[in-house]
Amino acid sequence: MFDLAASRRIRIMVLDVDGVQTDNGLYLGMHDGVTVECKRFNIQDGLGHALLRGTGIEIAWLSGRQSAATAARGAELGVAELLQVPPQAKVTTLATLLKRKALAWDQVAYVGDDLPDIPVMARVGLPIAVANARAEVIRAARHVTEARGGDGAVREVIERLLKSRGEYDSAVERYLAGAGAA
């Protein structure tokens, strides 16, 4: 469980993509002479996104690289804030988003796995690392998931956050009633 005070402040969950929502694998192929990139996303993580609908917690994706596969999965899940920027621009990009939404850094839960995530994690209210994150990222985190990135870590974080806030059961009921199909 997360600290109740910290979890109640959260208004936006910001997720890294590669290594958090994927298994860090990158599959490249060719189709009609064009390189095609494929990634493996966890379906249970996607359902976790649906559980957040109606809770007052937004989701944003903040990736350190451009990817059509990331854009396609984000669109499929209805992610309104899909930010694909160079790794060194993560902090300034998130600062701009927070300013636009009138949110403070302590209202952010961030899930990361690698070095470009550390500067963001140093600023947010709830820094979280996936189980297979780099050692430096684990040291920067307040919480570490049991699941590995791409293997249900995002779903675990969402469930822990909702349970900490006492909102998990109502989120499940809302989902089962048809309000949040993944």
Side-chain angles (χ1 to χ4, degrees), residues 2-3 5-22 24 37 39 41-42 45-130 133-134 136-138 140-145 149-150 153-162 164-165 167 171 180 182:
F2 297 133
D3 170 77
S7 67
R8 289 238 181 255
R9 282 192 300 271
I10 301 306
R11 295 291 170 259
I12 189 166
M13 179 172 293
V14 182
L15 304 168
D16 180 35
V17 177
D18 298 316
V20 169
Q21 297 186 73
T22 74
N24 243 343
E37 175 184 286
K39 297 180 182 188
F41 289 88
N42 186 288
D45 286 347
L47 197 144
H49 282 62
L51 289 174
L52 278 183
R53 290 189 193 109
T55 65
I57 301 170
E58 297 183 57
I59 292 183
W61 288 10
L62 182 58
S63 181
R65 58 186 299 277
Q66 293 286 325
S67 167
T70 295
R73 181 62 173 155
E76 182 180 39
L77 293 177
V79 176
E81 301 294 343
L82 177 57
L83 310 165
Q84 298 187 78
V85 299
Q88 62 275 18
K90 282 188 164 191
V91 170
T92 56
T93 301
L94 184 52
T96 300
L97 174 67
L98 296 178
K99 184 176 181 179
R100 179 168 46 87
K101 293 190 167 289
L103 295 171
W105 285 100
D106 70 344
Q107 295 176 300
V108 179
Y110 184 85
V111 186
D113 76 304
D114 212 339
L115 298 178
D117 301 313
I118 293 173
V120 175
M121 293 172 73
R123 290 167 175 78
V124 302
L126 192 55
I128 304 161
V130 295
R134 305 306 303 169
E136 299 89 343
V137 177
I138 289 174
R142 189 175 310 153
H143 296 280
V144 179
T145 63
V154 171
R155 176 70 170 273
E156 178 185 328
V157 168
I158 291 169
E159 287 183 4
R160 284 169 121 184
L161 181 61
L162 292 175
S164 293
R165 294 165 61 108
E167 299 176 19

For Lys90 and Tyr110: C-alpha separation, side-chain torsions, deciding distance, then whether side chain to side chain contact (heavy atoms under 4.5 Å, CB included) applies.
CA-CA 12 Å; Lys90 282 188 164 191; Tyr110 184 85; 3.2 Å; yes
Enter the distance from [X]:[atom1] to [Y]:[atom2] here, rounded to the nearest 0.5 Å.
X: Glu136; Y: Leu115; atom1: CD; atom2: CG; value: 5.0 Å
X: Thr145; Y: Ile138; atom1: OG1; atom2: CD1; value: 8.5 Å
X: Arg9; Y: Leu126; atom1: CZ; atom2: CG; value: 9.0 Å
X: Glu167; Y: Leu51; atom1: CD; atom2: CG; value: 11.5 Å

Would you call the rings of His143 and Phe2 parallel, tilted or perpendicular, taking 30° and 60° as the class edges?
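Because their plane-to-plane angle is over 60°, the rings of His143 and Phe2 count as perpendicular.
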Using 4.0 Å as the upper bound for N to carboxylate O, is an ion pair formed by Arg134 and Asp117?
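Looking at Asp117 and Arg134, the cut-off is not met.
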Taking [X] for its side chain and [Y] for its backbone only, find out whether a donor-acceptor pair lies under 3.5 Å.
X: Thr92; Y: Ala89; result: yes
X: Arg11; Y: Ala104; result: no
X: Gln21; Y: Asn42; result: no
X: Asp45; Y: Val154; result: yes
X: Arg123; Y: Pro119; result: yes

How far apart are the closest heavy atoms of [X] and [Y], and which atoms are they?
X: Ile10; Y: Asp106; result: CD1-O, 4.0 Å
X: Trp105; Y: Val91; result: CH2-O, 3.9 Å
X: Leu97; Y: Ala60; result: CD2-CB, 4.0 Å
X: Ile128; Y: Met121; result: O-CE, 3.6 Å
X: His49; Y: Ile158; result: N-CD1, 3.8 Å
X: Val17; Y: Ser63; result: CG2-CB, 3.8 Å

Walk me through whether Lys39 and Asp18 qualify under side chain to side chain contact (heavy atoms under 4.5 Å, CB included).
CA-CA 9 Å; Lys39 297 180 182 188; Asp18 298 316; 2.7 Å; yes
Is there a side chain to side chain contact (heavy atoms under 4.5 Å, CB included) between Asp16 and Asp113 once you walk through the steps?
CA-CA 8 Å; Asp16 180 35; Asp113 76 304; 2.8 Å; yes
Check the pair Leu52, Leu162 against side chain to side chain contact (heavy atoms under 4.5 Å, CB included), reporting the backbone distance first and the verdict last.
CA-CA 8 Å; Leu52 278 183; Leu162 292 175; 3.9 Å; yes
Within the 4.5 Å heavy-atom criterion, are [X] and [Y] side-chain neighbours or not?
X: Ile12; Y: Gln107; result: no
X: Val108; Y: Leu103; result: no
X: Thr93; Y: Leu62; result: yes
X: Glu81; Y: Arg100; result: yes

Between Gln84 and Ser67, is any side-chain donor less than 3.5 angstrom from a side-chain acceptor?
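Not at all, the side chains of Gln84 and Ser67 share no donor-acceptor pair under 3.5 Å.
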